[in-house]
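For reference, positions follow the sequence shown, starting with 1. Values below: all heavy atoms of this structure, side chains included; hydrogens, waters and symmetry mates excluded.
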Amino acid sequence: MPIVVDIDVMLARRKMSVGELAGRVGITPANLAVLKNGRAKAVRFATLAALCEVLECQPGDLLRWEAEEAPEGDEPLEAEGAAAAADG
């Protein structure tokens, strides 16, 4: 997935445990672990705001985008979309 979650980095910087962060944010440690490990499909802005408040950081400190590497020989997705539009 191209969105990388860096909550563990901020936890280490703040010397805080997952359990402590979960309690202060108001979510379960299990749900925080899902988010922290990049398995979440979505995050509510209210939860993101609470994480930022407790960790004293910006959303960009917790989430970042990384390009996915295409398997060798595959064309970029943009080229596929352009070719399909030209054929249509």
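By the side chain to side chain contact (heavy atoms under 4.5 Å, CB included) test, Asn37 pairs with Ala33, Arg39, sequence neighbours left out. Legend: residues meeting side chain to side chain contact (heavy atoms under 4.5 Å, CB included) with Ser17, ordered by chain and number and at least two apart, are Glu20.
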Trace of the side chain to side chain contact (heavy atoms under 4.5 Å, CB included) decision for Val25 with Leu32: CA-CA 9 Å; Val25 169; Leu32 181 57; over 6 Å; no

From CA spacing to verdict: side chain to side chain contact (heavy atoms under 4.5 Å, CB included), Leu62, Val5: CA-CA 6 Å; Leu62 302 177; Val5 181; 5.6 Å; no

Please list every donor-acceptor pair under 3.5 Å in which a side-chain atom of residues 46-59 meets a protein atom from a residue at least two apart or in another chain.
none

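Between Leu11 and Leu21 the shortest side-chain heavy-atom distance falls below 4.5 Å.
Note: the hydrophobic cluster containing Leu35 also contains Met16 (ILVMFWY, side chain heavy atoms under 4.5 Å, direct or indirect links). Val34 and Ile27 fall into different hydrophobic clusters, defined by Ile, Leu, Val, Met, Phe, Trp and Tyr side-chain heavy atoms under 4.5 Å apart, directly or through other members.
Evaluation of the side chain to side chain donor-acceptor pair (under 3.5 Å) test over residues 5-16, restricted to residues two or more places apart or in two chains, returns Asp6-Arg64.
Here the CD1 atom belonging to Ile3 is positioned 10.0 Å from the CD atom belonging to Glu68, to the nearest 0.5 angstrom.
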